[in-house]
K.L.:
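Okay, here's the structure, questions in a sec.
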Amino acid sequence: MHDIRLIRDDPEGFDAVMARRGLAPVADDILALDEKRRELTTKLQEAQSRRNDASKAIGQAMGQGDAEKAEALKAEVAELKKTMPALEEQDREIAKQLEAAMLALPNVLHTGVPDGASEDDNVYLREWGQKPAFDFEPQEHADIAPALGMDFETAAKISGARFTFLRGDMARLHRALGQFMLDNNTREHGFTECNPPLLINEQAGYGTGQLPKFGEDLFWTKDDRILISTSEMVLGNSFREQLFAESDFPMRLTALTPCFRSEAGSAGRDTRGFIRQHQFEKVEMIVASLPENAADELERITAVAEGLLQKLGLHYRVMALCSGDMGAAMMRTYDLEVWLPGQGAYREISSCSDGGTYQPRRMNARYRPDGSKKSEYFHLLNGSGLAVGRTLVALIENYQQADGSVLVPEVLHPYMGGVTKLEPAA
RNA sequence: GGAGCAGUGGCCGAGUGGUCGAAGGCGCACGCCUGGAAAGUGUGUAUACGGUAACCCCGUAUCGAGGGUUCGAAUCCCUCCUGCUCCGCCA
């Protein structure tokens, strides 16, 4: 959501930003609606003003016992009121159109975002570690994991494609990963652990920007609730409709939750394995930050996510998303891509973003700067730390042995109850 | 699921048809007092949109949300949402 004044003041500049996202110009249409609305509103308000004056006069006339005068005024107002419903109706209609148009607009871009049309244009920033060396041909996780307790077939029977049933030590390793990440974020980086609802109402979907445009990517319940596609949706909206003090910041939340995505637009993509699921777990980090600290906070959450990969000994690279690949609600994003030797590819495992004031505006979440009378919008940042399912995939592919077993990284041993290796079933 | 009660400003809380954008308190801001602070004391203190370039000023709207009655609604009526209490059911 944008301040309409941003568009009024610099329509060309606004369209230029939209163009960087590969979108057609919108400012003209928006401003036409805006102008129409202001015109109608002014007319309506003038009528209301006259009505209010007359009503006040009626009250006074009646107070003075001048019934005749009161009746005359009443007749006058009745006449005036004949024109008001139509104005109200038009005003409401235009306001609705304008709001719908505004809600559909994506965020502006941070000046540092590189230009580009697709993920191929994302910019390499740095990397950590190196690709592990194998004295055998490393396998894809989808080939070796079934023998280790990753059961695609059973899940397909009872739920369908893109669901997975984990068993035994595989399930435990998955759980260990989530616990490890959560502990890391809360104990070492000052995040508050949260256990939020997984079902949210439609309004909250608008708050974080999944709605109105991406409703088909979500699972909906019959009573019109949404299964969260990321805990960003709940943690972010936890600030909704509140006014904070400057001293409240920064507010850092983290949660381990399942995430549900219909993957409507990705038919045929990553259909094998555990990479792209309808249901997966993710540890999310959300930071509410003062605008002036947001750039530092983005580096900070990125560093937390990187630290997790480093502790797990997984080679990764950091990419700056280009203008054409950036999520609609974000103004700047870094992706962490982990190396998967079985696939011979880097895959996204964390996405860390500064969303600016876009979401707080949509959810009316503000703060009052010290000594200021006026409230302002703060920044919301989010980052995965990390996608648990994909981290499990990365462990399997990076720590696989020639015999089909998988070593458990040392940092997870405390969570594994003595298990240091996943062994294939005979 | 049934019954009852309630939702007012940053927070608490008064207010059942006109002079209410709303008493009072807390908090906050500024001043006085003080060596400095606390206490005390004085003043100020909702938001959005529009008129405007403007945080002065003017108008409109907002007392959970949406409708309705009325010349006029925080106040009356209807629907919905949320919370609390009791009952039922239940992990």
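Every value quoted in this text rests on a predicted model; they were computed, and no experiment measured them. Naming: A, B, ... by sequence-line order, numbering from 1 per chain. These numbers come from the heavy atoms of this one structure, side chains and all, not from hydrogens, waters or symmetry mates.
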K.L.:
For a quick test of your reading: what N or O donor-acceptor pairs under 3.5 Å do the side chains of residues 375-382 of chain A make, sequence neighbours left out?
P.N.:
{"residue": "S375(A)", "atom": "OG", "partner": "R366(A)", "partner atom": "NH1", "Å": "3.1"}
{"residue": "H379(A)", "atom": "ND1", "partner": "D354(A)", "partner atom": "OD1", "Å": "3.1"}
{"residue": "H379(A)", "atom": "ND1", "partner": "D354(A)", "partner atom": "OD2", "Å": "3.3"}

K.L.:
Does the distance from a Lys or Arg side-chain N to an Asp or Glu carboxylate O, for E46(A) and K43(A), drop under 4.0 Å?
P.N.:
no

K.L.:
Say we look at rC89(B) and rA74(B): how far apart would their P atoms be, to the nearest angstrom?
P.N.:
44 Å

K.L.:
Rounding to a whole Å, what distance do you find between L87(A):CG and rU60(B):P?
P.N.:
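Atom CG in L87(A) sits about 15 Å away from atom P in rU60(B).
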
K.L.:
How would you summarise protein contacts on nucleotides 64-75 of chain B per nucleotide, using B for base, S for sugar-phosphate only and - for none, with heavy-atom distances below 4.0 Å?
P.N.:
---S---BS---

K.L.:
Quantified in whole Å, what is the C1' atom distance between nucleotide rC5(B) and nucleotide rC71(B)?
P.N.:
34 Å

K.L.:
Let me know the distance between CG of D370(A) and P of rC30(B), rounded to the nearest Å.
P.N.:
10 Å

K.L.:
Using the P atom as the point on both nucleotides, what is the distance between rU45(B) and rA54(B), in whole Å?
P.N.:
23 Å

K.L.:
I'd like to know if R20(A) pairs up with D115(A) as an ion pair, taking the criterion as any Lys NZ or Arg NE/NH1/NH2 lying under 4.0 Å from an Asp or Glu carboxylate oxygen.
P.N.:
yes

K.L.:
What's the verdict on side chain to side chain donor-acceptor pair (under 3.5 Å) for Q277(A) and T164(A), showing C-alpha distance, side-chain angles and the deciding distance?
P.N.:
CA-CA 8 Å; Q277(A) 300 280 290; T164(A) 303; 2.7 Å; yes

K.L.:
Taking atom C1' in both rG7(B) and rG66(B), compute the distance separating them and give it to the nearest angstrom.
P.N.:
16 Å

K.L.:
N107(A) versus Q359(A): any side-chain heavy-atom pair under 4.5 Å?
P.N.:
no

K.L.:
Is it the case that the side chain of R51(A) and the backbone of V77(A) share a donor-acceptor pair, with hydrogens and angles ignored and the cut-off at 3.5 Å?
P.N.:
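Not confirmed, R51(A) side chain does not pair with V77(A) backbone.
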
K.L.:
Which distance, rounded to the nearest 0.5 Å, do you find between the CD1 of I94(A) and the CD of E89(A)?
P.N.:
11.0 Å

K.L.:
Say you pick atom C1' in rU47(B) and the same atom in rG42(B); how far apart are they, in whole Å?
P.N.:
27 Å

K.L.:
Taking atom C1' in both rU79(B) and rA22(B), compute the distance separating them and give it to the nearest angstrom.
P.N.:
27 Å

K.L.:
Could you check how far CD of E46(A) sits from P of rG59(B), rounded to whole Å?
P.N.:
13 Å

K.L.:
Using a heavy-atom distance cut-off of less than 4.0 Å, which residues of residues 239-252 of chain A contact RNA chain B?
P.N.:
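Of all residues in residues 239-252 of chain A, the ones placing a heavy atom under 4.0 Å from RNA chain B are L243(A).
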
K.L.:
Would you measure the distance from the P atom in rU62(B) across to the matching atom in rG25(B) and give it in whole Å?
P.N.:
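The answer is 28 Å between these two P atoms.
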
K.L.:
Going by the side chain to side chain contact (heavy atoms under 4.5 Å, CB included) test, name the single residue among V283(A), L308(A), N184(A) that passes it with L386(A).
P.N.:
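For L386(A), the side chain to side chain contact (heavy atoms under 4.5 Å, CB included) test succeeds with only one of V283(A), L308(A), N184(A), which is L308(A).
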
K.L.:
Expressed in whole Å, how much space separates the P atoms belonging to rA73(B) and rC63(B)?
P.N.:
11 Å

K.L.:
For RNA chain B, just give me the dot-bracket, please: Watson-Crick or G-U, both distances below 3.5 Å, ( ) intra-strand, [ ] crossing earlier pairs, | paired with another strand, . unpaired.
P.N.:
((((((((.[[[..)..(.....]]]((((((.......))))))((((((.....)))))).[[[[[..)....]]]]])))))))....

K.L.:
Within the side chain of D34(A), is there an N or O that forms a donor-acceptor pair under 3.5 Å with the backbone of I30(A)?
P.N.:
no

K.L.:
Could you check how far CD of E376(A) sits from P of rU47(B), rounded to whole Å?
P.N.:
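Answer to the nearest Å: 12 Å.
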
K.L.:
Report the relative orientation of the aromatic rings in F14(A) and H2(A); use parallel for angles under 30°, tilted for 30 to 60°, perpendicular for over 60°.
P.N.:
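The arrangement is perpendicular - the two ring planes meet at more than 60°.
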
K.L.:
Look at E397(A) together with R347(A) and state whether they make a salt bridge at an N to O cut-off of under 4.0 Å.
P.N.:
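Salt bridge between E397(A) and R347(A), a charged N being under 4.0 Å from a carboxylate O: no.
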
K.L.:
Check the phosphate of rU60(B) against S49(A), side-chain N and O only, distance under 4.0 Å to OP1 or OP2. Yes or no?
P.N.:
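For S49(A), the contact criterion (side-chain N or O under 4.0 Å from OP1 or OP2 of rU60(B)) is met.
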
K.L.:
Would you mind telling me which of P258(A), S229(A), S350(A), S384(A) makes a side chain to side chain contact (heavy atoms under 4.5 Å, CB included) with K282(A)?
P.N.:
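When P258(A), S229(A), S350(A), S384(A) are each tested with K282(A), the side chain to side chain contact (heavy atoms under 4.5 Å, CB included) holds only for S384(A).
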
K.L.:
Name all pairs fulfilling the side chain to side chain donor-acceptor pair (under 3.5 Å) condition that reach into residues 251-260 of chain A, sequence neighbours left out, sorted by first residue then second.
P.N.:
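Residue pairs with at least one partner in residues 251-260 of chain A: N185(A)-T254(A), R252(A)-E297(A).
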
K.L.:
I'd like to compare against my own output: the B/S/- annotation of nucleotides 48-54 of chain B with a strict under-4.0 Å heavy-atom distance to protein.
P.N.:
SSSS---

K.L.:
Would you name the heavy atoms of R368(A) and L243(A) that are closest together and state the gap between them?
P.N.:
NH2-CD2, 3.3 Å

